[in-house]
Amino acid sequence: MSKKFEEYSQLHLNECAREISEYWKRNDIFNKSISSRQGKSHYVFYDGPPSANGLPGIHHVMARTIKDVFCRYHTLKGEQVYRKAGWDTHGLPIELGVEKELNIIKEDIGKKISVDEYNKACRASVMRYTDIWKELTDKIGYWVDQENPYITYDSKYIETLWWILKQFYLKGLLYKGYTIQPYSPAAGTGLSTHELNMPGAYKEITDTTITVQFKARKESLPEFLKNLPGEVYFLAWTTTPWTLSSNTALTIGDSIEYTVVQTFNPYTFEPVYVILAKSLVQKVFSEGFSPVSNKISLESFKKEDKKIPYRALQSFYGSDILGSRYEQLLPWVLPYENAENAFQIISGAFVTTEEGTGIVHTAPTFGVDDAIVAKRHNVPPMLLWDVQKKQAVPLVDTQGRFIKEVPEPFSGRYVRNEYYKDKAPERSVDVELAILLKSIGRAFKVEKYKHSYPHCWRTDKPILYYPLDSWFIRTTAAKADMVSLNNSIHWIPESTGKNRFGHWLENLNDWNLSRSRYWGVPLPIWRTEDEQEELIIGSLAELITEIEKSVRAGLMKKNPFGAFVPGDMSWENYKAIDLHKPIVDDILLISPTGKSMKRESDLIDVWFDSGAMPFAQWHYPFENKEKIDQGKFYSADFIAEGVDQTRGWFYTLHAISSMLFQSVAYKNVLSNGLVLDKNGQKMSKSKGNAINPFKILELYGPDATRWYMISNAQPWENIKFDISGIDEVRRKFFGTLYNTYAFFALYANIDGFCYKEAFVEVAQRSELDRWILSELHQLIKKVRNHYDAYDPTRATRAIADFVINDLSNWYVRLCRRRFWKGDYTQDKIAAYQTLYDVLFSVSLLSAPVAPFFSERLYMDLTCVTEKEAFESVHLAYFPEFDEKLIDEPLERRMHIAQRLSSMVFSLRKKENIKVRQPLKQLMILASSSEEEKSVCAMFDLIKQEVNVKEIHFLTSDTAGELLTRELRPNFKKLGPKFGKHMLFVSHVLSHFSQEQIRQFEKQGIFTLKVQGSQKVISLQEVDISIRKVKGWSIDTHEGLTVALDINIDEKLRYEGIARELVNRVQNLRKAQGLEVTDKIKLSISASLEVEKAIKLNKEYICEDTLSASLSLNTYINEAEEIDFEGETIRVSVQKLAYG
RNA sequence: AGUCUCGUAGCUCAGUUGGUUAGAGCGCUACACUGAUAAUGUAGAGGUCCGCGGUUCAAAUCCGCGCGAGACUACCA
């Protein structure tokens, strides 16, 4: 006996996924999907490492689905797709988590808890949830190698990072410098941008602002300013007056227009000339000033006058005063270096004329932009040399107080009142300074100003921007490379790469690598105390050689890595050592001149960890050298992460790769949007709208979840996650596909179809078969293109549309009788083969997105026919597009037939005539003879579908007077021809009478006068449609018109009754649980009228209901009473024992 | 604050190089169809295509300015 197709009572996507998952595990399908492609071209994929100390969320399901879709697709295309999972194990989120758990703060590390213990706690915490992550990964069917993941804290991984850093060092890309970083004086610690971007960090505060007069050194000014008869001042505005003592430059915009204004200081009434941006004169001189136009009214000013007069003199560009000098505003101290370069006018791109004066007070020790622009112009920051600390210090200490070198009354005071722990003085430093500057005639304006300012999330006090020592990668040196390499990357969507990422690259700053934390990769640089000698370590072998030197010189007692054997690449060897703090901090090395060298205490930015994964995941170049050098696993063909990674992982991958090998790290990158809740709000635990992915998977299974996420919105757009959408996908797409299979299985099993018969040539098959195959191959082409273009959304929509509309709702519905009626003929075999082939192809097309259900479908189909040698759909090959099966005229015909049918249904509805009631004839008016011909071929189909006996054509002529035509201008064609007279032409054409239209149709052209000249309009330039036919029930749509003869004669009426009866009997059969093939004995008791209908159609009724006998008007014992055609009839269905 | 993305029916989304009656699905109402159907068909209700200007004979579509949502980057004095 041949095998049967599996039949199911119901669709259980969840159960299906569980079984398939088991099957994959049992048969090692994932590994086979890679090994079976041995020797084929590689499709290289990099998986971004998640941090395993947090629980996975629904957005991870999204991200992992996208990754999985393309890896599976390319496997199906025959490529070999390795994919290694990874874990991000270092960094601040992990440290913060541990601190919270242990209930400690950063300052406690090294005191309450040793660094060693702290790091052990981090290491333990970081892999805590790996089991849950693995479970999710399995459940959603994300195929990735979880057995051999790369883990950023592994010694091998760190060794590669050190090697890369050394390469950068040798290229001169690594340097130590100071930068301005967010700093919390109250907490005594620097803050990361991550901490700064925590919700609520930015708050509105009100500051005292001063518009300050900086007195120009006249000899340094250009001629036209030099010759002014009084003192000239630059006006600059500041929101942080306490930084004025650290001012070393003023920044202007090169191309901004400035002007010099003659006026009086509003506090001292001294006559002054002030320079500011021309467009801001009105704003700065808004209150208490009035413009005057001549010298005399200006010079006659007395301080009793209500308004201070001002007069703008000559204007000029910023570049004209570039390099001019000014007197130090608060001459308390001088910078210890290059003081001669201080106090000059420099230019910066960040200067705007939206606020202030267009001249920016620049204090390089306390502003990020200030430091950058000052450095570019070689202007020194205000730093003093501290003899005790042997280092340069700014005028404010790490507590936030002015240092002792600052004169009274400011010395020792906190720069912001918020920093006082107890009672703050009545007047803040800012206010005191404002008073001081007013008294010496250097304050031009003092105002309160409200703006948003970042606060420390721990102390809730405003942060300070403060210079801190850091190690940098000179990414700016590789900017040109990075920009041009980026142009070769295919970004999806394009705008992320071109705009967001492109602009970011254009405005690149050097990469600050330093993190003064505990749990991370230590910077492998050792330095002597005088900073004259330094050594960078690029491998463990190198480190051990250096340690041994140091031990010999007596600097260290013993080698802490004594157990390590250089050159032995085994995991055991590498597991024996730990390269984290505090162990590496205890290592002292010896410099070439015999001095002791200590490690630079910083850790490196965790983004460097993940950005180096193309190399570090393979322990390059210590192992797997050929994988990278021969380009087998580098660069990636594809990566995908959230759009928030643009400046994160996408950037660090790109930067490291560009600088190391002048190559891209990835060729195609998809940045996916966010998963929002159904109201478009971001999901967060605090809002309580976060969705537990396990719950969703439990409810709907992975396939529906994946399909919903992919098909609902394009991956790069945000998705509003609504679980009712998943349910809809399950019902509509999976439900329909399942039902189609169930239908196939039911009848294939009855007929014993198992694809043993010879392949029926497609040309020999029926119209419907050829049509669905043609549509299928159009689908294959579309789906391939969409997957290839990284647009899975369009692929899934096309598949669902095909399955629901073309396959289930049209092909199967119209073919039903072919399957359950008649003998096992060639036509029936062709139908089975067609449906089988279509379902088979659909299983493959859907496999990347719905891996479990597709597997079930594929296996249920193939295990009976044994036509495929593969154990899994994921080991098979993607369907090829076959041009020869495309029959576009047939597709058009079928489309017309569908439209016609739907029009007839509409008419029946209008006339209240059931589809079961046969009608005599249908008339069709086609707009062209070509159309007419194609409809002809569809007659049988349409007759069956809409239940009419005959179809005739109505020609324009025969229809004659019946038709009312409507003429509409074709704007696309006529628009360019008539231009602005279009409105007139449109008016004329749409007011044509029936007679005029007929004339036009006959003659083919119409002439009209436009602006005195004769213009000709042809029939091709208008659309004529038909409105109605007198005395007929008619409908018209897309140029097709149908008319339905709604007269029902007696014969038709009886036939309708018979069909109605068949339907009732079928329902009874089903209700009684009869098999489709069971034969019955049918008995009916009804009125004479119904009996007559039955008698006339007895053969038909018996055939369709599988009735061996039909008896009428007999006394029936156990019968169903049915409301039927306005009466109650009694029907009995009895199963026959044989048959 | 800047940069980028988005804004079409109650909801989720289509809408080609600009062409005059803006579509589909879900949901709602009514009726039908069905021996594969948690499916489907027909009809109805449902729109200021975010707003305002501009370009054009013609704008949901192109341009400008706003408004709103989101992301990223940030004390631009």
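FYI, side chains are in, hydrogens and waters are out, and symmetry mates aren't considered; it's all heavy atoms of this structure. Just so it is clear: chains get the letters A, B, ... in the order the sequence lines come, proteins before strands, and each one is counted from 1.
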_Does D727(A) reach a base, just sugar-phosphate, or nothing at all? Heavy atoms under 4.0 Å._
nothing
_Ring centers of F366(A), W242(A) separated by less than 6.0 Å_ = yes
*If we take the C1' atom in both A60(B) and G19(B), what is their distance in whole Å?*
13 Å
_Aromatic contact, Y183(A) with Y466(A) (centres under 6.0 Å)_ = yes
*Report the distance from atom CG of D801(A) to atom P of G23(B), rounded to the nearest whole Å.*
18 Å
*For C75(B), give its Watson-Crick or G-U wobble partner with both distances under 3.5 Å, or none.*
none
*More than 12 foreign heavy atoms under 6.0 Å from NZ of K977(A): is that the case here?*
yes
*Go through the steps to decide whether L244(A) and H361(A) satisfy the test side-chain contact (heavy atoms from CB on, under 4.5 Å), and finish with yes or no.*
CA-CA 8 Å; L244(A) 286 169; H361(A) 148 60; 3.8 Å; yes
*In Å and rounded to the nearest 0.5 Å, what is the OH to CZ distance from Y836(A) to F5(A)?*
6.5 Å
_Taking G51(B) as the reference, what is the distance to G7(B) when you measure between their P atoms (whole Å, please)?_
13 Å
*For K977(A) and C57(B), what is the distance between atoms NZ and P respectively, to the nearest whole Å?*
18 Å
_Residue matched to G27(B) through Watson-Crick or wobble contacts both under 3.5 angstrom_ = none
*If you look at every strand shown and take non-hydrogen atoms under 4.0 Å, does P969(A) touch a base, only sugar-phosphate, or nothing?*
nothing
*Under a 3.5 Å cut-off for both distances, is U20(B) Watson-Crick or wobble paired, and to whom?*
none
*Can you tell me how far P in U42(B) sits from the matching atom in C33(B), rounded to whole Å?*
15 Å
_Separation of the C1' atoms in U3(B) and U16(B), to the nearest angstrom_ = 30 Å
*Between U20(B), A36(B), G25(B), which nucleotide has the shortest distance from any of its atoms to the side chain of M982(A)?*
U20(B)
*Any side-chain donor near an acceptor of the partner, K448(A) and T208(A), under 3.5 Å*: yes
*State which of A14(B), A36(B), C13(B) makes the closest approach to the side chain of T740(A).*
A36(B)
*Just checking G725(A): base, sugar-phosphate only, or nothing, at a heavy-atom cut-off of under 4.0 Å?*
nothing
*Given the C1' atoms of C4(B) and U21(B), what is the spacing between them in whole Å?*
37 Å
*Under 4.0 Å between any heavy atoms, over every strand shown, what does V985(A) touch: base, sugar-phosphate, or nothing? Just pick one.*
nothing
*Partner nucleotide, any strand, of C4(B) [Watson-Crick/G-U, under 3.5 Å]*: G70(B)
*Return the nearest nucleotide to the side chain of E728(A); candidates are U40(B), C75(B), C26(B).*
C26(B)
*Tell me: CD of Q917(A) to C1' of U42(B), nearest whole Å?*
18 Å
_Of the listed nucleotides (C76(B), A36(B), A14(B)), which one gets closest to any side-chain atom of D369(A)?_
C76(B)
*With a 4.0 Å cut-off on heavy atoms, is S808(A) in touch with a base, just the backbone sugar-phosphate, or nothing at all?*
base
*asked:* Quick check on RNA chain B: between I1080(A) and N970(A), whose nearest nucleotide comes earlier from the 5' end?
replied: N970(A)
*According to the Watson-Crick and G-U wobble definitions, with both distances under 3.5 Å, which nucleotide is paired to C65(B)?*
G51(B)
_What contact category does A713(A) fall into here, base, sugar-phosphate, or nothing, at under 4.0 angstrom with non-hydrogen atoms?_
sugar-phosphate
_Just the rounded figure in Å: distance from P of C75(B) to CD of Q181(A)._
11 Å
*Answer with yes or no after comparing the ring centroid distance for F978(A) and F984(A) against a 6.0 Å cut-off, counting only values under it.*
no
*Round to the nearest Å and state the distance from Y738(A) atom OH to A39(B) atom C1'.*
13 Å
_Please report the distance separating the P of A45(B) from the corresponding atom of A38(B), rounded so that it comes out in whole Å._
30 Å
*To the nearest angstrom, how far is L814(A) atom CG from U40(B) atom C1'?*
12 Å
_Given C33(B), C75(B), G19(B), the nucleotide with the shortest approach to the side chain of E1060(A)_ = C33(B)
Review item, side-chain donor-acceptor pairs of residues 734-743 of chain A, under 3.5 Å, at least two apart:
unit_1: T736(A); atom_1: OG1; unit_2: K732(A); atom_2: O; d: 2.4
unit_1: Y738(A); atom_1: OH; unit_2: Y8(A); atom_2: O; d: 3.1
unit_1: Y738(A); atom_1: OH; unit_2: Q10(A); atom_2: N; d: 3.4
unit_1: N739(A); atom_1: ND2; unit_2: G735(A); atom_2: O; d: 3.0
unit_1: T740(A); atom_1: OG1; unit_2: T736(A); atom_2: O; d: 2.7
unit_1: Y741(A); atom_1: OH; unit_2: E6(A); atom_2: N; d: 3.3
unit_1: Y741(A); atom_1: OH; unit_2: E6(A); atom_2: O; d: 2.8

_Whether Q714(A) contacts C6(B) is assessed here as follows: a side-chain N or O lying under 4.0 Å from the phosphate OP1 or OP2. Is that the case?_
no
*Looking only at side-chain N and O atoms, does R731(A) come under 4.0 Å of OP1 or OP2 in G27(B)?*
yes
*Please determine, for the side chain of R794(A), which listed nucleotide (U20(B), A36(B), G15(B)) has the closest atom?*
G15(B)
*Verify the ring-centre separation between W491(A) and F650(A): is it less than 6.0 angstrom?*
yes
*Just compare C13(B), G25(B), G70(B) and give me whichever is closest to any side-chain atom of N718(A).*
G70(B)
*U56(B) pairs with which nucleotide, Watson-Crick or G-U wobble, both distances below 3.5 Å?*
none
*Side chain of R797(A): nearest nucleotide among C75(B), C13(B), A36(B)?*
C13(B)
_Nearest whole Å is fine: how far is C26(B) P from Y708(A) OH?_
15 Å
*Take the protein atom OH of Y836(A) and the nucleotide atom P of A36(B), then report the distance between them rounded to whole Å.*
22 Å
_Using the C1' atom as the point on both nucleotides, what is the distance between C28(B) and C72(B), in whole Å?_
41 Å
*Of the nucleotides C13(B), A39(B), U40(B), which one has an atom closest to the side chain of T736(A)?*
A39(B)
*asked:* Regarding Y747(A), tell me which of base, sugar-phosphate or nothing describes its non-hydrogen contacts under 4.0 Å with the strands shown.
replied: sugar-phosphate
_hbond_proxy K732(A) side chain to U40(B) base (donor-acceptor, 3.5 Å cutoff)_ = no
*From the list A36(B), U12(B), U20(B), which nucleotide is the closest neighbour of the side chain of N712(A)?*
U12(B)
*Let me know, please, whether Q1066(A) or F971(A) comes out on the 5' side of the other along RNA chain B by nearest nucleotide.*
F971(A)
_Strand partner of C33(B), provided both Watson-Crick or wobble distances fall under 3.5 Å_ = none
*For G735(A), report the nucleic acid contact type (base, sugar-phosphate, nothing); a contact means any heavy atom under 4.0 Å.*
nothing
*asked:* If I pick the C1' atom on C49(B) and the same atom on A24(B), what distance separates them, to the nearest angstrom?
replied: 16 Å
